[in-house]
Amino acid sequence: MLYDKLKSYKDSGIYPFHMPGHKRNDILNDGLIPYGIDLTEIEGFDNLHNACGCIREIEKKAEKLYRVNRAFLLVNGSTGGILSSIRAMTNFGDKIIVSRNCHKSVYNAIELCGLNPEYILPEYDENNGVFTSVSPHKLEELLRENPDTKLVVITSPTYEGVVSDIKAIADICHKNGAMLFVDEAHGAHFPFSEKFPSEAVRCGADVAVVSLHKTLPSFTQTALLLTDNSELSDKLQENLSVFETSSPSYILMSAIENCLDYISENKNDFEVYTKRLDNFYCDTISLDNLTVLYNDKSFIEKCFAYDFGKIVISTAASNISGTELARILRDKYKIETEMSYTDYVIAMTSVCDSDEGFGKLKNALLEIDRTLNKNEKSHSNYNFYEIPKRNFFPYQKNNFRAEKIPFQKAQVRVSLEYIWAYPPGIPLIVPGEIITGKLINQINILFSNNIQINSTKKSMPDYIYAAEND
Ligand SMILES: Cc1ncc(COP(=O)(O)O)c(C=O)c1O
C-alpha cells in the first residue's frame, strides 16, 4: 500500500534535500491525523470560489505577508494558477512572448487558450548547461518586432535559482503595451529575508504565482496567486473556478494558513536559515572537482540575481555526471536530492532544514570530491538550446494526420507531441515544430545520461507521433 510505503520511507533516515519545504517536520507539533479535519463547504466553512469568511481571512493574511493587493489560495499548485492567469490575461489568438525555459503548464496554457507564442531564449551558461537570466534588452527588441504582444511570461527564479531583472522587464512590457506574468513558483520564500532576491509583483509584474510547498513549510499542491493589478482580480477569480477543483481540500487550505502563521511568528528562523546557507557555501569553497554554482563567480556574473537557497552542484568539470552524483548521495550518504541532470544536481533547502542536514550534505560533497578527477569535457557536450522552427501553432495539432515514426528517423517531420526531460519539465519540442537532427542527438545524449524523457503520448524513446512537413 502507498500509505505503508510512505510511512516506512518517513522512518528510513534518508535526509530530504527536496520538496516539500516542510521537510517532513510537523510545524504545528500536534500530530493531528488529516482524516479528522477533512471537510467540505458546509455551513460556516466558506467557499474557495467565493471566499468571504474563514478562507477570505487566509487570503488577507497572504496579502499582508506578501504585501500585495490581492492573493488567491491555490490547491493544485502553481500549475492551476499559471493556467488561470494566462487565460485571464489573454484572448483566444493573442500573441504572447514566452521565455523558452518555462514549465510545461505554461505551454499547456498556450495550447488551451489558442495563443500565438513567440519565444525568447534566456542567456545560457555553457560551462554548466544552465539557463541564466532573460535579457531585458533582447525582450525589448522582440517586443518591438511584435508590437501586438498582449502578455509576456517569464520564469523567475528558475528551478536552478536564477532570477531575471523583473523591474526592467516589467517597465519594458508596460511601455510596449503588454502585461507581465511571472512564474515565481520557486520563490515563495523571497519576502522573508533581505538576502533573497526581490519578489516579482513588488518589482512590477502584473501577476505572479508562488508554490508554498516548494520552499516553505506547507503541504504539496499549496500555492498562491498574487497581484497588485486590481483590474485583473475578477478575471483571475473567474478562471480559477475553471481550472481548480470545485472540492478544494480543507486540509490544504488550512496548511496554507498554518504556513503563513508560522512565517509571521518565526521571522528569526529565516535569519538562522540564511546563516546556515552562508556557512554551507563558505565550507564548500574548497571543493576541487565539484562546484557549487553560488560559489562560481563566472556563473553568478551571468545572472541578474540568484536565490542561494537552491544548492546547485555542478559536476561539469569532474569525471561523473549529475545523475551519478545523485546516485552516490542516495546510496552511500542517505541524501535524496531534488533533481539531477547531465551536469548538475539540485538540492532544495528551506527554513525547515537542520544544521545536521546541511552538515551531512557538506561532508558528503567534500568526501566525494576527493574521490573524483577533473574532466574538461562536459557531459552534456551539446550546445543546448535551439528553438525549433515552427510549422503551425500547438492548438492546431489535431488538424494534422498523426503518423507513428521511429524517433531516430523523424528528422524533418513536424512533431505532434511535446517532448520534455523530467525534471525539469521544460519542453524540448512543442507540437507544430520541426524535428532536427540536432534535437535527436541532444535527446540521445540525455538518454545516455539516464535522464527520463517523456512525451505526450508516451511513445518515446522509440517513436514519435509526427505529421508530414509540407
Ligand atoms: C518553474 C516551475 N513552474 C511551475 C511549476 C508547477 O508548480 P506546482 O508543482 O506547484 O504546480 C513547477 C513545478 O515543478 C516549476 O518548476
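Both counts, for ligands and for their atoms, begin at 1 and track the order of listing. Worth knowing before you read on, the calculation uses all heavy atoms, side chains too, and leaves out hydrogens, waters and symmetry mates.
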message: Which residue in the set Lys23, Lys362, Arg24 passes salt bridge (charged side-chain N to carboxylate O under 4.0 Å, His left out) when paired with Asp353?
response: Lys23
If hydrogens are left out, which of [options] has an atom nearest to [atom], that is, the closest non-hydrogen atom?
| atom | options | answer |
| --- | --- | --- |
| atom 6 (C) of ligand 1 | Asn101, Thr79, Val210 | Thr79 |
| atom 10 (O) of ligand 1 | Ser156, Ser211, Cys102 | Ser211 |
| atom 5 (C) of ligand 1 | Glu160, Gln221, His103 | His103 |

message: I'd like to know whether ligand 1 has Ile82 as a neighbour, heavy-atom separation below 4.0 Å.
response: yes
Provide, to 0.1 Å, the distance between [atom] and the closest protein heavy atom, together with that atom's residue and name.
| atom | result |
| --- | --- |
| atom 3 (N) of ligand 1 | Asp183 OD2, 2.5 Å |
| atom 16 (O) of ligand 1 | His186 NE2, 2.8 Å |
| atom 8 (P) of ligand 1 | Ser78 N, 3.4 Å |
| atom 9 (O) of ligand 1 | Lys214 NZ, 3.2 Å |

Residue Thr155 vicinity, atoms of ligand 1 by number, heavy atom under 4.0 Å: 1 (C)
message: Only heavy atoms of His213, strictly under 4.0 Å: list the atoms of ligand 1 that pass.
response: 8 (P), 9 (O), 10 (O)
query: Centroid-to-centroid, Tyr395 to Phe92, below 6.0 Å?
result: yes
Ring geometry between Phe308 and Tyr294 (parallel below 30°, tilted from 30 to 60°, perpendicular above 60°): tilted
- prompt: Which word best sums up how the rings of Phe17 and Tyr15 line up, parallel for under 30°, tilted for 30 to 60°, or perpendicular for over 60°?
  reply: tilted
query: Has Arg70 got its NZ or CZ under 6.0 Å from the middle of the six-membered ring of Phe72, at an angle within 45 degrees of the ring axis?
result: yes
query: Counting only heavy atoms not in Glu194, do more than 12 sit closer than 6.0 Å to its CD atom?
result: no
Atom of Ile429, atom of Arg100 and distance for their closest heavy-atom approach: CA-NH2, 3.9 Å
- prompt: What part of Ala223, side chain, backbone, both or neither, has a heavy atom within less than 4.0 angstrom of ligand 1?
  reply: neither
message: Can a side-chain donor-acceptor contact be found between Thr315 and Glu324 if the only test is distance below 3.5 angstrom?
response: no
- request: Return yes or no for this condition: an N or O of Ser105 is under 3.5 Å from an N or O of ligand 1.
  value: no
